[in-house]
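In what follows, a structure is listed as structure tokens, so that the remarks can point back to it.
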Amino acid sequence: MRSLKIGIAGGGVGGLAAAIALRQQGHEVTVFEQAKGFSRVGADINLTPNVVRAIDGLGAGATIRRTGAQPTFRISRDWDTGLETSRLGMGNVAEAQYGAPQVTIHRADILAALAERFPIEQIRFGQRIRSLSQGEDGVTLQFEDGGDAHFDVVVGADGIHSRVRTALFGEESPRFTGVVSFRSVVPTERVKHVPEIEAFTKWWGPNPQSQIVTFPLNQGRETFIFATTGQDSWTEESWTSEGDVNELRGFYKDFHADARALLDACDSTLKSALYEREPLPLWSVGTVTLLGDACHPMLPFMAQGAGMAIEDAVVLGRALAGVATRTEAVQALQRYENARKERTAKIQIGSRGNQWMKGPGNADWVYGYDAWNVPLAS
């Protein structure tokens, strides 16, 4: 049976997950990544049970369990009183309830786990998409270095500033939210006196922009600290910009002593402005489609950004199962889009509101989702 020739713009978490899922269906897949190679940059990632279950089907579940950490609980605490407002069992409890645990991991480690499942020779590093054109015989990607490549199907997994999205729907800048984030990693030994440091804990601030989130990394040897606050004066989006730990501590000087102890342990921090877009009404044109932040970038308040890209990848692979022609691919991409848009838009908007699981609530609609079995309408 003839397979499709598929090009993926973007070799991040979503792009690699899509490459694996599509290759599992027998398609010929090439990934184009603008970086010169994989490196240890970017954020630490919270993979909730719905996402870990999706990764299990891609064959990388054992690796992420080995290199990441598995928080014991998901706990919400009030910013000033320290009062616990919700608690959800993770670890073995989530495994029993949802079929997978929560895993917290550095972006580089999940990239490495996914890269083990895809031929490295099919990843073209140092290739930045300039534009694309689409005709009756397929899709041509044009690169910044003047080269090009031709495919039956193209997937834009190239992030919030997606060149593929721009080629399909025109130029549109993401919106600065007025919120900035701080990221630090400290040895757990420094913060072991903080109660339940082995859990995923979210300290809810006095307004929706303000929070501190902590979770274990590296099999519990390190602790990730992620804090957000409103600040209109900082708009730099870089993942590598140095922040000021004294400024960080100053924003949360009125928080509970346990929360302040986390920030006191930080020697350094990285600072980044947070951007988002409105949900897209369309993801696909012809045999070109979008995935992850290219079509639904979201704030980190529900910890589902990377997870939605991975779910997208699994559903996309399933939608293109058995598809051998571009005509069939157009219909398959519509099935993929229809299966994913409502869920991603709901989580995108919910993340913006930052109220989910502040108190007791039902996490099943997020954690119980199974990308491997969600219906695909014809």
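Val315 places a side-chain heavy atom less than 4.5 Å from the side chain of Leu376. Using a 4.5 Å heavy-atom threshold, the side chains of Phe151 and Thr30 count as touching. Side-chain atoms of Thr104 and Leu47, non-hydrogen and from C-beta on, never get closer than 4.5 Å to each other. Side-chain contact check for Leu141 versus Val154: some heavy-atom pair is nearer than 4.5 Å. You'll find the side chain of Trp372 reaches within 4.5 Å of the side chain of Leu58, heavy atoms only. In this structure the side chain of Val52 never reaches within 4.5 angstrom of the side chain of Gln102, judged on heavy atoms. Considering only heavy atoms from C-beta on, Leu22 comes within 4.5 Å of Leu320 through its side chain. Leu274 has its side chain within reach of Thr228: a pair of non-hydrogen atoms, C-beta onward, lies under 4.5 Å apart.
With hydrogens and angles ignored, the 3.5 Å screen pairs a side-chain donor or acceptor of Thr188 with a backbone N or O of Glu222. A side-chain donor-acceptor contact under 3.5 Å links Ser181 to the backbone of Ser272. The backbone N or O of Ala313 sits nowhere less than 3.5 Å from a side-chain atom of Arg318 that would complete a donor-acceptor pair. Although no hydrogens or angles enter the test, the distance criterion places a donor-acceptor pair under 3.5 Å between the side chain of Gln122 and the main chain of Val29. The backbone N or O of Arg277 lies less than 3.5 Å from a partner atom in the side chain of Gln348, making a donor-acceptor pair. Not a single donor-acceptor pair under 3.5 Å links the side chain of Glu28 to the backbone N or O of Ser3. Formation of a donor-acceptor pair under 3.5 Å by the Arg77 side chain with backbone atoms of Gly82 is found in this model.
A donor-acceptor pair shorter than 3.5 Å cannot be found between the side chains of Thr201 and Glu196. Donor-acceptor pairing under 3.5 Å is lacking for the side chains of Thr325 and Thr327. Ser241 and Glu236 are linked by a side-chain donor-acceptor pair at a separation below 3.5 angstrom, with hydrogens and angles left out of the test. Of the N and O atoms on the side chains of Glu247 and Gln231, at least one donor lies less than 3.5 Å from an acceptor on the other residue.
When hydrophobic clusters are built by joining Ile, Leu, Val, Met, Phe, Trp and Tyr residues whose side-chain heavy atoms come closer than 4.5 Å, directly or via intermediates, Val139 is grouped together with Leu290. Met90 and Val366 fall within a single hydrophobic cluster, where Ile, Leu, Val, Met, Phe, Trp and Tyr side chains are chained together by heavy-atom contacts under 4.5 Å. In the hydrophobic clustering of this structure, Met302 does not group with Val51; members are Ile, Leu, Val, Met, Phe, Trp, Tyr whose side-chain heavy atoms approach within less than 4.5 Å, directly or through other members. Linking ILVMFWY residues whenever their side-chain heavy atoms come closer than 4.5 Å, directly or via other members, places Leu291 and Val164 in the same cluster. Both Ile20 and Leu111 are part of a single hydrophobic cluster, where members link through side-chain heavy atoms under 4.5 Å apart.
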Run Asp80 and His256 through side chain to side chain contact (heavy atoms under 4.5 Å, CB included) and show every step you take.
CA-CA 5 Å; Asp80 56 352; His256 188 273; 5.9 Å; no

Stepwise side chain to side chain contact (heavy atoms under 4.5 Å, CB included) check, Ser351 with Ile347:
CA-CA 6 Å; Ser351 297; Ile347 290 179; 4.0 Å; yes

For Thr177 and Arg175, run side chain to side chain contact (heavy atoms under 4.5 Å, CB included): C-alpha distance rounded to whole Å, both residues' side-chain angles, the deciding distance at 0.1 Å, then the answer.
CA-CA 6 Å; Thr177 61; Arg175 181 182 70 86; 4.2 Å; yes

Criterion side chain to side chain donor-acceptor pair (under 3.5 Å) on Asn46 and Gln304, from CA distance to verdict
CA-CA 8 Å; Asn46 174 26; Gln304 292 295 313; over 6 Å; no

Side chain to side chain donor-acceptor pair (under 3.5 Å) for Ser284 and Gln334? Distances and angles first, verdict last.
CA-CA 7 Å; Ser284 308; Gln334 195 61 57; 5.8 Å; no

Before giving the answer on salt bridge (charged side-chain N to carboxylate O under 4.0 Å, His left out), spell out for Asp56 and Arg65 the whole-Å C-alpha distance, their side-chain angles and the decisive distance to 0.1 Å.
CA-CA 10 Å; Asp56 284 340; Arg65 285 169 173 81; 2.7 Å; yes

Stepwise ring-ring contact (aromatic ring centres under 6.0 Å, His included) check, Tyr98 with Trp365:
CA-CA 11 Å; Tyr98 300 117; Trp365 73 273; over 10 Å; no

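Contact record, Tyr336 with Ala319: CB-CB, 3.9 Å, taken as the closest heavy-atom pair. What you find for Ala329 and Val323 is that their closest heavy atoms are N-CG1, 3.5 Å. Between Asp145 and Gln127, the shortest heavy-atom distance links the atoms OD2-NE2, 3.0 Å. Here the closest non-hydrogen pair linking Ala60 and Ala113 is CB-O, 3.8 Å. A pairwise comparison of heavy atoms in Leu299 and Arg352 identifies CD1-CA, 3.9 Å as the closest pair. A pairwise comparison of heavy atoms in Pro71 and Ala199 identifies CB-C, 4.1 Å as the closest pair.
Applying the 6.0 Å contact sphere to CD of Glu121 captures more than 12 heavy atoms from other residues, nucleotides or ligands. A 6.0 Å sphere centred on CG of Asn92 holds no more than 12 heavy atoms belonging to other residues, nucleotides or ligands. Residue-environment remark: CD (Glu189) stays at or below the threshold of 12 foreign heavy atoms within 6.0 Å.
Note on ring orientation: taking the six-membered ring where Trp is involved, the planes of Trp283 and His296 are tilted (angle from 30° to 60°). Note on ring orientation: taking the six-membered ring where Trp is involved, the planes of Phe224 and Phe215 are tilted (angle from 30° to 60°).
Atom CD1 of Ile160 sits about 6.5 Å away from atom CG of Asp293, to the nearest 0.5 Å. Put simply, NZ on Lys358 and OG on Ser86 are 11.0 Å apart, with the number rounded to the nearest 0.5 Å.
Grouped with Val180 in one hydrophobic cluster are Trp79, Phe182, Val186, Val191, Val194, Ile197, Trp203, Ile212, Ile225, Trp234, Leu248, Phe251, Tyr252, Phe255, Leu262, Leu263, the linkage being side-chain heavy-atom contacts under 4.5 Å among Ile, Leu, Val, Met, Phe, Trp and Tyr residues.
For residues 205-221, the pairs satisfying side-chain hydrogen bond (donor to acceptor under 3.5 Å, both in side chains) are Lys202-Gln211, Asn218-Arg221, Gln219-Arg221, with sequence neighbours left out. Judged as a side-chain hydrogen bond (donor to acceptor under 3.5 Å, both in side chains), the pairs with a partner in residues 151-169 (not counting sequence neighbours) are, in order, Arg2-Asp152, Glu144-Arg163, Asp158-Ser162, His161-Glu237, Arg165-Glu172. Sorted by first and then second residue, the side-chain hydrogen bond (donor to acceptor under 3.5 Å, both in side chains) pairs involving residues 11-27 (not counting sequence neighbours) form an empty list.
For the pair Arg190 and Asp267, the salt-bridge criterion is met [side-chain N within less than 4.0 Å of a carboxylate O]. In this structure, Glu242 does not pair ionically with Lys271, as no charged nitrogen and carboxylate oxygen lie closer than 4.0 Å.
A ring-ring contact (aromatic ring centres under 6.0 Å, His included) with Phe125 holds for exactly one of Phe38, Phe143, Phe32; it is Phe38.
Applying the salt bridge (Lys or Arg N to Asp or Glu O under 4.0 Å) test to Arg340 and every residue at least two apart in sequence or in another chain returns Glu311, Asp312. Annotation: side-chain contact (heavy atoms from CB on, under 4.5 Å) contacts of Asn373 (sequence neighbours excluded): Asp370.
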